[in-house]
Q: 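Have a look at this one before I ask anything.
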Amino acid sequence: MEILGFDRLNTAQLADAARILRDALAPMTNSFGGTGVAEAEAASFLGNPERAAYAAIENGKVLGWIGLVFTYDHGWEIHPLAVDPKFQRRGIGTALIHEMERLARAAKVCTLYAGSDDEMAGTNVSGRDLFADIAKYIADLDVTNGHPLVFYRKLGFVVVGLMPDVNGPGKPDIILAKRVS
Ligand SMILES: CC(C)(COP(=O)(O)OP(=O)(O)OC[C@H]1O[C@@H](n2cnc3c(N)ncnc32)[C@H](O)[C@@H]1OP(=O)(O)O)[C@@H](O)C(=O)NCCC(=O)NCCS
């Protein structure tokens with residue numbers, strides 16, 4: 001498997017990246033389900049100095065991809081991250097994160113972070129009034145139903161925040177971060 005920047009992908013591979021985004025996120029959010037939405041998201045990483053994306057490729061086939069948004073001088077956001085459902089749990093997501101960590105260190109970036117929405121009641125902060133005691137909800141946060149928090153924690157990310165109700169009442173965004181250099 002190799003990891004290539006989007007500028008090195010052909011049209012068919014870029015179309016596949018958009019499909020993977022739609023398919024991988026479908027169980028968790030409607031955000032990329034609309035016609036052309038996933039395609040527009042993938043295209044937003046091309047020729048954009050504020051963003052970059054990388055695909056995991058094997059025998060010419062896209063298995064998954066990851067985006068970076070250069071939000072701070074020393075902090076980059078991971079957005080989005082999607083592995084083709086047919087190829088999940090084979091270390092592809094891990095390889096993509098590790099490559100972003102390498103790029104971040106090379107650019108003297110200190111922190112990588114990601115927002116991981118809970119729209120599917122996948123954690124114990126779903127359906128809660130988080131403003132009531134946000135620090136306690138962060139301290140006690142755990143997965144109840146297949147949320148990718150498990151994946152991020154395994155890779156050393158920690159929960160640094162909760163953004164209450166941003167996907168609708170009781171549907172927060174979970175903010176995870178990792179020191180990389
Ligand atoms: C989350 C995602 C990127 C992980 O990619 P992946 O290639 O399947 O992950 P890896 O194989 O590298 O998994 C590494 C470890 O993370 C954990 N993990 C990954 N997916 C998991 C799941 N669905 N449930 C529980 N643990 C999981 C496991 O500990 C796994 O190690 P193991 O297989 O040895 O037990 C992928 O499942 C995906 O695209 N999901 C849908 C989209 C998504 O959630 N994106 C992130 C939103 S911010």
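In listed order, ligands and their atoms are each counted from 1.
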Q: Under 3.5 Å, side chain of Asp118 to main-chain N/O of Pro172, donor-acceptor pair present?
A: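 Side chain of Asp118 to backbone of Pro172, a donor-acceptor pair under 3.5 Å: no, none is there.
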Q: Within ligand 1, which atoms have a heavy atom of Pro148 less than 4.0 Å away?
A: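 Counting from 1, the qualifying ligand atoms are 1 (C), 44 (O).
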Q: Which residue and atom name correspond to the protein heavy atom nearest atom 45 (N) of ligand 1, and how close is it?
A: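 Ranking protein heavy atoms by distance from atom 45 (N) of ligand 1, first comes Leu81 O, 2.8 Å.
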Q: Starting from atom 41 (C) of ligand 1, what is the nearest protein heavy atom, named by residue and atom, and what distance separates them?
A: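 For atom 41 (C) of ligand 1, the nearest protein heavy atom comes out as Ala24 O, 3.3 Å.
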Q: Once you restrict to heavy atoms under 4.0 Å, what part of Gln88 touches ligand 1? Side chain, backbone, both or neither.
A: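 Contact part for Gln88 vs ligand 1: both backbone and side chain.
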Q: Taking salt bridge (Lys or Arg N to Asp or Glu O under 4.0 Å) as the test, write out the residues that go with Arg90, two or more places apart.
A: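 By the salt bridge (Lys or Arg N to Asp or Glu O under 4.0 Å) rule, Arg90 matches no residue at all.
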Q: What protein heavy atom sits nearest atom 39 (O) of ligand 1, and how far away is it?
A: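 Result for atom 39 (O) of ligand 1: Val83 N, 2.8 Å.
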Q: Using a 4.5 Å cut-off on heavy atoms from C-beta on, say whether the side chain of Val150 contacts that of Lys154.
A: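 A side-chain contact is absent here, since even the closest heavy-atom pair is not under 4.5 Å.
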Q: Identify the closest protein heavy atom to atom 26 (N) of ligand 1: which residue and atom is it, and at what distance?
A: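 Going by distance alone, atom 26 (N) of ligand 1 is nearest to Val150 CG1, 3.5 Å.
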Q: Which ligand 1 atoms are under 4.0 Å away from a heavy-atom of Met28?
A: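 In order of numbering, the contacting atoms are 41 (C), 42 (C), 43 (C), 44 (O).
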Q: CG/Asn59 to CE/Met1 distance, rounded to the nearest 0.5 angstrom?
A: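 So the CG of Asn59 and the CE of Met1 are separated by 12.0 Å.
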Q: Quick test: of every protein heavy atom, which one is nearest to atom 33 (O) of ligand 1, and how far off is it to 0.1 Å?
A: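 Going by distance alone, atom 33 (O) of ligand 1 is nearest to Arg89 NE, 3.0 Å.
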Q: Please check if the number of heavy atoms outside Asp142 that lie under 6.0 Å from its CG is greater than 12.
A: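 More than 12 within 6.0 Å, yes.
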Q: Return the closest protein heavy atom for atom 14 (C) of ligand 1 as residue, atom name and distance.
A: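 Checking every protein heavy atom, the shortest distance to atom 14 (C) of ligand 1 gives Thr94 OG1, 3.4 Å.
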Q: Give the atom numbers and elements of ligand 1 that come within less than 4.0 Å of a heavy atom of Ile92.
A: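 This gives 7 (O), 12 (O) as the contact atoms.
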Q: Look at atom 15 (C) of ligand 1 and say which protein heavy atom is nearest, naming residue and atom and giving the distance to 0.1 Å.
A: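 I find the closest protein heavy atom is Lys154 CD, 3.7 Å.
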Q: With a heavy-atom distance limit of 4.0 Å, tell me whether Leu25 approaches ligand 1 through its side chain, its backbone, both, or neither.
A: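 It is the side chain that gets close, since no backbone atom is under 4.0 Å.
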Q: Counting heavy atoms not belonging to Arg105, are there more than 12 under 6.0 Å from its CZ?
A: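 Count over threshold, so yes.
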Q: Under the 3.5 angstrom rule, does the side chain of Gln13 hit a backbone N or O of Asn10 as a donor-acceptor pair?
A: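 Between the backbone of Asn10 and the side chain of Gln13 there is a qualifying donor-acceptor contact (under 3.5 Å).
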Q: Give the numbers and elements of all ligand 1 atoms closer than 4.0 Å to a heavy atom of Gly115.
A: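 With Gly115 as reference, the close atoms of ligand 1 come out as 48 (S).
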Q: Which residue and atom name correspond to the protein heavy atom nearest atom 13 (O) of ligand 1, and how close is it?
A: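 Nearest protein contact, heavy atoms only, for atom 13 (O) of ligand 1 is Phe151 CD1, 3.8 Å.
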